[in-house]
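The block underneath contains the structure these notes are about, expressed in structure tokens.
The structure presented is a predicted model; accordingly, all values stated were derived computationally and were not measured.
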Amino acid sequence: MTVLLESLEPLVATLRAEGYTVVGPTVRGEAIVLAELESAADLPYGRGVDLAPGGYRLREREDRAAFGHAAGPQSWKTFLHPPRTPLWTARRDPDGGFTPTEPAERPRRHAFLGVRGCDLAAIGVQDRVLGGADGGYARRREGVFVVAVNCTEPGATCFCASTGTGPGVPTGTAGGYDLALTELVDGERVRYLAVPGSPAGERLVATLPRRPADPGLTRRARDEVAAAAGRMGRELPAVDLRGLLSGALDAKRWDDTAARCLSCGNCTMVCPTCFCTTVEDTTDLTGDVAERWLRWDSCFDLDFSYLHGGSVRSSTRSRYRQWLTHKLGTWHDQFGESGCVGCGRCIVWCPVGIDLTEEIAALAEEAAP
């Protein structure tokens, strides 16, 4: 069932009325970020972005598209696997002992509005990695209403077509979303084709002002998504990445990359699938209260691989190699899939503009007979 929505305002208002905290793209400062939306008017209508290695710039569009922009600095991981989470608090007892208590976390009911194909795939990756191991993740993930958006505006650093995760979202009830939208823009007029992907999505659509979508609009939406696949700014080489990276541990390219890499960890922070954490203990000045927190960590941190006597990966070369070979190679061995969804965030938010697709192409060229 495909229907046409003339506005997103009823959609957002209905989700909020049903108790969801609606999160979607909106402008904050000089970036399009993910934040709570009070209404559809908060969406970034008429705003686009220019992306480049190490570069991000907001720009005005010549139309009123709400989703005419590529991935920003955040992903939905921020809400499902937060950067910092309390594990327990311990207070000193009068007898000198401590009494620990766990936080009573009551996750919000989130509705995610505007989930692109790459980020939808990333949520699926984290579901498989963290869904069964991290009770906090499972609680936050349960009941999330996902409104996906077929992408018709890839950025210069996007390469989801070559990872098989976009620009369109999967069809059918196994797509991982409750409702899928395709934005149709005609200058100031913006409409949305809507396709439910779950019973919850069907129930929601039935309450919205809508009309049947004519075949011409459906074909147009399909053609615009297909055209977006041909306008990707980047692509991964069509090679066996697992085999390439397992045989490239001594490649000279790692030295060139290490000479530029700052080992800052930005790529892991913005990556929608990176999930590594560490545990952090703190006490107050009196020593009467102690807390333990779970927070994001990065394999680029020198202490990340610390064992008794020193770090296993002490050089920038070894840390970048670990990240890339795990992301595109050994992730398959652990989880049966790639850890990269082609969103391009690691390229944009690298301070020195290191380009993952360029690195893979260089490794492939070096390995060629």
Side-chain angles (χ1 to χ4, degrees), residues 3-49 56 58-61 63-85 105-116 119-120 122-123 139-153 169 177-185 188-198 200-210 270 272:
V3 298
L4 185 67
L5 308 179
E6 294 287 347
S7 168
L8 293 181
E9 190 59 59
L11 171 63
V12 175
T14 301
L15 287 169
R16 286 174 58 85
E18 292 185 0
Y20 288 102
T21 297
V22 181
V23 176
T26 190
V27 176
R28 294 284 189 276
E30 295 300 318
I32 295 176
V33 301
L34 298 176
E36 182 176 353
L37 306 178
E38 294 186 2
S39 74
D42 294 334
L43 290 165
Y45 294 102
R47 309 301 292 273
V49 293
Y56 177 99
L58 201 61
R59 62 175 170 83
E60 297 288 339
R61 293 178 56 90
D63 54 40
R64 289 281 296 164
F67 302 108
H69 55 87
Q74 296 165 291
S75 69
W76 306 96
K77 176 178 77 172
T78 304
F79 302 93
L80 297 174
H81 179 45
R84 198 164 181 261
T85 307
E105 183 183 12
R106 295 181 178 84
R108 291 183 175 186
R109 293 181 69 214
H110 279 118
F112 294 163
L113 173 59
V115 182
R116 310 301 178 99
D119 278 342
L120 189 66
I123 291 174
R139 288 192 296 273
R140 290 184 288 271
R141 180 69 175 92
E142 184 180 6
V144 172
F145 191 97
V146 176
V147 181
V149 172
N150 287 305
C151 182
T152 58
E153 188 82 10
V169 300
Y177 54 82
D178 298 289
L179 186 65
L181 304 175
T182 306
E183 188 171 50
L184 301 174
V185 182
E188 292 294 311
R189 187 184 188 189
V190 184
R191 295 169 292 171
Y192 301 88
L193 285 185
V195 180
S198 73
E202 291 178 356
R203 289 192 295 270
L204 178 68
V205 166
T207 69
L208 301 177
R210 67 201 184 281
V270 298

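- Heavy atoms only, all atoms of each residue included: Val169 and Ala180 are closest at CG2-CB, 4.0 Å.
- For Glu183, the side-chain hydrogen bond (donor to acceptor under 3.5 Å, both in side chains) partners two or more places apart in sequence, or in a different chain, are Tyr192.
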Practice prompt. Would you sort out whether Ile32 and Thr26 count as a side chain to side chain contact (heavy atoms under 4.5 Å, CB included), showing the intermediate values?
Written response: CA-CA 5 Å; Ile32 295 176; Thr26 190; over 6 Å; no

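- Looking at every heavy atom in both residues, Asp119 comes nearest to Ser75 through OD1-CB, 4.2 Å.
- Here the side chains of Val185 and Thr152 are not in contact, with every heavy-atom distance at 4.5 Å or above.
- For residues 63-73, the pairs satisfying salt bridge (charged side-chain N to carboxylate O under 4.0 Å, His left out) are Arg61-Asp63, with sequence neighbours left out.
- Partners of Arg47 by salt bridge (charged side-chain N to carboxylate O under 4.0 Å, His left out), not counting sequence neighbours, listed by chain and number: Glu60.
- The number of heavy-atom neighbours closer than 6.0 Å to CD of Glu38, taken from other residues, nucleotides and ligands shown, is 12 or below.
- Ala206 is linked by a side chain to side chain contact (heavy atoms under 4.5 Å, CB included) to nothing, counting only residues two or more places apart in sequence or in another chain.
- Here Leu193 contributes atom CG and Leu4 contributes atom CG; the two are 6.0 Å apart, rounded to the nearest 0.5 Å.
- In this structure, Arg210 CZ and Leu11 CG are separated by 13.0 Å, a value rounded to the nearest 0.5 Å.
- The salt bridge (charged side-chain N to carboxylate O under 4.0 Å, His left out) search around Arg59 returns Asp50, Glu153, not counting sequence neighbours.
- For the residue pair Phe145 and Leu15, the shortest heavy atom distance occurs at CD2-CD2, 3.9 Å.
- In this view, Ala40 and Leu8, Glu9, Val12, Leu43, Tyr45 satisfy the side chain to side chain contact (heavy atoms under 4.5 Å, CB included) rule, not counting sequence neighbours.
- Glu18 pairs by the side chain to side chain contact (heavy atoms under 4.5 Å, CB included) definition with Thr14, Tyr20, Leu204, not counting sequence neighbours.
- Taking a 6.0 Å sphere around CZ of Arg108, one finds it holds 12 or fewer heavy atoms contributed by other residues, nucleotides or ligands.
- Under the salt bridge (charged side-chain N to carboxylate O under 4.0 Å, His left out) criterion, Arg16 pairs with Glu36, sequence neighbours left out.
- With sequence neighbours left out, Thr182 forms a side-chain hydrogen bond (donor to acceptor under 3.5 Å, both in side chains) with Asn150.
- Between Gly24 and Trp76, the closest heavy-atom pair is CA-CH2, 4.1 Å.
- No side-chain heavy atom of Leu34 sits under 4.5 Å from any side-chain heavy atom of Thr78.
- In plain terms, the two heavy atoms of Pro73 and Val33 that are nearest each other are CG-CG1, 4.4 Å.
- For Arg141, the salt bridge (charged side-chain N to carboxylate O under 4.0 Å, His left out) test picks out Asp127, with sequence neighbours left out.
- Using a 4.5 Å heavy-atom cutoff, the side chains of Val195 and Leu179 are not in contact.
- Here the closest non-hydrogen pair linking Ala122 and Pro272 is CB-CB, 3.5 Å.
- Remark: Asp42 pairs with no residue by the side-chain hydrogen bond (donor to acceptor under 3.5 Å, both in side chains) rule, at least two apart or across chains.
- With sequence neighbours excluded, the residues forming a side chain to side chain contact (heavy atoms under 4.5 Å, CB included) with Pro10 are Ser7, Leu208, Pro209, listed by chain and number.
- Interatomic distance, Arg191 CZ to Leu5 CG, rounded to the nearest 0.5 Å: 11.5 Å.
- Taken from CZ in Phe112 to CG in Leu120, the straight-line distance is 11.5 Å, to the nearest 0.5 Å.
- Screening Val23, Val146, Leu37 for a side-chain contact (heavy atoms from CB on, under 4.5 Å) with Leu113, the sole residue that qualifies is Leu37.
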